[in-house]
Amino acid sequence: MRFVGIDIGSEKHVVAIVDEAGKALRKPTPFSEDASGYERLRSMLGEPADAFIAMEATGHYWQNLFAFLHAAGFQVALLNPTRTSRFAAEDLRRAKTDALDALGIARFAQQKRPAATPMPDEATLELRELIRLRDRLVQDLGDRTRQLHRALDLCFPEFTEHVRDVASAKATTLLIASPTAEAFRAADPNALAELKYDGRHVIGVELAQALCAAAKTSVGRHQGTAYELQIRYACEDIATLRARIKKLDDDIGQSLERHEVGKLLTTIDGVGDNTAARMIASIDFDAFKSAAALAAYVGVAPIVSHSGKRQPLRGPACTMGDADLRAKLWMPTLRAVTHNPWLKAFYGRLVAAGKPKKLAIIAAMRKLLGAMISVARTRTPFVPRLAAA
């Protein structure tokens, strides 16, 4: 068996091959991220049955190569860079080059024998890309909202006293019509009152008059074209992003209908379309042997740190794991402990026993992950087991 390590780069990669004893069969060789480079790699690898390939999941640069190697029949393992980094540190290696990294990955595969990573199906890949696109749009929406807040603080800070959410359709409709306090002072309240902000509802006379009155005594000292343009452009971008996110939510829901496990995850109260899609995009449930292993991966397992006479009764939550996924699961868990009778009872028992509420939420998140992996394994809808009253 030959063990192949590939160090992933943006425009070129480096491949190294070792035998079962860890001896280099081929010195690290670069190849390009194009058809000719892939063919060169294919000629170096030999027969798929005699080779095991390992590579790090670096950014998005690995995806084309991963698909190519799978199509050619090779077993490929995607590695966590933290594992390979700590493996390399065992030799106290001081130098770091692409060639040394490729050789280290090959020797890691030879010694550790990691499990091969399966190729995701089309439905999973589609959900993964849709979720990533939605995250980028939500980030852009937050950026534009912060820009709008800054501009309003300078030219009409009283606006947020009357319209709290500046990213709402009501706020953006008003601000496109009258971006600054000076514009509100010159505006006709009756005309503002007739503006429709969602195709059906109007601003209303009361709000329009309140804003015009507040503009007359506004402390905003920065008026003029520059601020009008900032606010109008930000509002237009917010309206566009809001519409795109709404359309993307519909697309995610439609894609989820075509994914067996993803659709079943929504049978758990508190798990909506976006949360189910995010779990499918982030987690390969078949790769985990137990709910405890999944909880450890996400990072909702406590750290046990006992040594000698130091035997603490409690341990902090693990800081390792998928921090982004853990953060995204916080609100679904809060919703679940409110509306899911099974999880609500579990959360209530912990709080009644004197556990801190944050600890109870983390425990509920771990319980929710257990329900998800159960549904994914059995391929059946979630049925809670409630204790008798």
Side-chain angles (χ1 to χ4, degrees), residues 130-257 266 272-275 277 331-332 334-335 338-339:
L130 288 174
I131 284 294
R132 287 174 177 169
L133 176 58
R134 188 182 189 278
D135 286 344
R136 286 195 293 271
L137 293 180
V138 170
Q139 179 64 44
D140 290 344
L141 179 61
D143 291 341
R144 297 298 182 276
T145 302
R146 286 184 284 274
Q147 292 170 12
L148 181 56
H149 265 294
R150 176 193 177 275
L152 282 174
D153 288 343
L154 293 173
C155 64
F156 192 10
E158 295 82 4
F159 181 86
T160 53
E161 295 177 7
H162 302 278
V163 184
R164 291 291 182 184
D165 185 5
V166 298
S168 65
K170 180 186 290 186
T172 54
T173 300
L174 278 167
L175 291 171
I176 288 174
S178 300
T180 63
E182 188 176 59
F184 270 101
R185 285 195 293 267
D188 180 6
N190 294 323
L192 291 177
E194 295 300 320
L195 290 175
K196 289 185 177 181
Y197 58 88
D198 60 359
R200 296 181 301 151
H201 299 93
V202 296
I203 298 299
V205 175
E206 183 179 353
L207 178 58
Q209 290 179 346
L211 286 170
C212 291
K216 294 177 181 178
T217 58
S218 175
V219 297
R221 290 293 179 266
H222 299 78
Q223 312 294 323
T225 304
Y227 298 96
E228 290 183 5
L229 290 177
Q230 288 183 55
I231 290 175
R232 280 203 174 101
Y233 289 167
C235 288
E236 290 170 359
D237 289 347
I238 287 171
T240 300
L241 290 168
R242 196 169 51 230
R244 287 178 178 173
I245 292 172
K246 183 178 179 181
K247 173 64 169 60
L248 200 55
D249 287 340
D250 294 337
D251 293 337
I252 289 172
Q254 293 173 11
S255 296
L256 205 60
E257 286 293 322
T266 60
D273 287 353
N274 286 330
T275 302
M331 289 307 297
L334 286 179
R335 185 178 183 276
T338 304
H339 301 286

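Every heavy atom of this structure was used, including side-chain atoms; hydrogens, water molecules and symmetry mates were not. As the structure is a prediction and not an experimental result, all values here were calculated from the model.
Within a 6.0 Å sphere centred on CD of Glu236, heavy atoms belonging to other residues, nucleotides or ligands number more than 12. Counted within 6.0 Å of CZ on Arg244, heavy atoms from surrounding residues, nucleotides or ligands total 12 or fewer; the atom is thus considered open.
In terms of heavy atoms, Phe159 sits closest to Leu211 at CD1-CD2, 3.8 Å. What you find for Ala169 and Tyr197 is that their closest heavy atoms are CB-O, 3.3 Å. In plain terms, the two heavy atoms of Glu182 and Gln223 that are nearest each other are N-OE1, 3.2 Å. Of all non-hydrogen atoms in Ile231 and Pro179, the two that sit nearest each other are CD1-O, 3.0 Å. Contact record, Ile238 with Ala167: CG2-O, 3.6 Å, taken as the closest heavy-atom pair. Between Pro189 and Gln209 the shortest heavy-atom distance is CB-CG, 4.1 Å.
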Side chain to side chain donor-acceptor pair (under 3.5 Å) between Gln254 and Asp250, worked out: CA-CA 6 Å; Gln254 293 173 11; Asp250 294 337; over 6 Å; no
Passes salt bridge (charged side-chain N to carboxylate O under 4.0 Å, His left out), Asp140 versus Arg144? Steps please. CA-CA 6 Å; Asp140 290 344; Arg144 297 298 182 276; 5.3 Å; no
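Taken from CZ in Arg146 to CG in Leu141, the straight-line distance is 9.0 Å, to the nearest 0.5 Å. The line from CG of Asp135 to CG of Leu130 is 11.0 Å long, rounded to the nearest 0.5 Å. Distance CG/Leu148 to CD/Gln230: 10.0 Å, rounded to 0.5 Å. With rounding to the nearest 0.5 angstrom, the OG1 atom of Thr225 is 9.5 Å from the CZ atom of Arg232. For the atom pair Asn274 CG and Met331 CE, the distance stands at 13.0 Å (nearest 0.5 Å). With rounding to the nearest 0.5 angstrom, the CG atom of Leu248 is 6.0 Å from the CG atom of Leu137.
Screening residues 224-255 for ring-ring contact (aromatic ring centres under 6.0 Å, His included) gives His222-Tyr227 as the qualifying pairs, with residues at least two apart or on separate chains. For the side-chain hydrogen bond (donor to acceptor under 3.5 Å, both in side chains) condition, the pairs that include at least one residue of residues 157-171, sequence neighbours left out, are Glu158-Ser218.
Side-chain contact between Thr172 and Arg242: present, with at least one pair of heavy atoms (C-beta onward) separated by less than 4.5 Å. A heavy-atom distance below 4.5 Å is not found between the side chains of Val163 and Leu175. The shortest distance between side-chain heavy atoms of Asp249 and Asp273 does not fall below 4.5 Å.
The closest donor-acceptor contact from the side chain of Thr338 to the backbone of Leu334 lies under 3.5 Å.
Side chain to side chain, Gln139 and Asp143 meet the donor-acceptor criterion of an N or O pair below 3.5 Å.
In summary, Asp251 and Lys247 engage in a salt bridge, as defined by a charged side-chain N under 4.0 Å from a carboxylate O.
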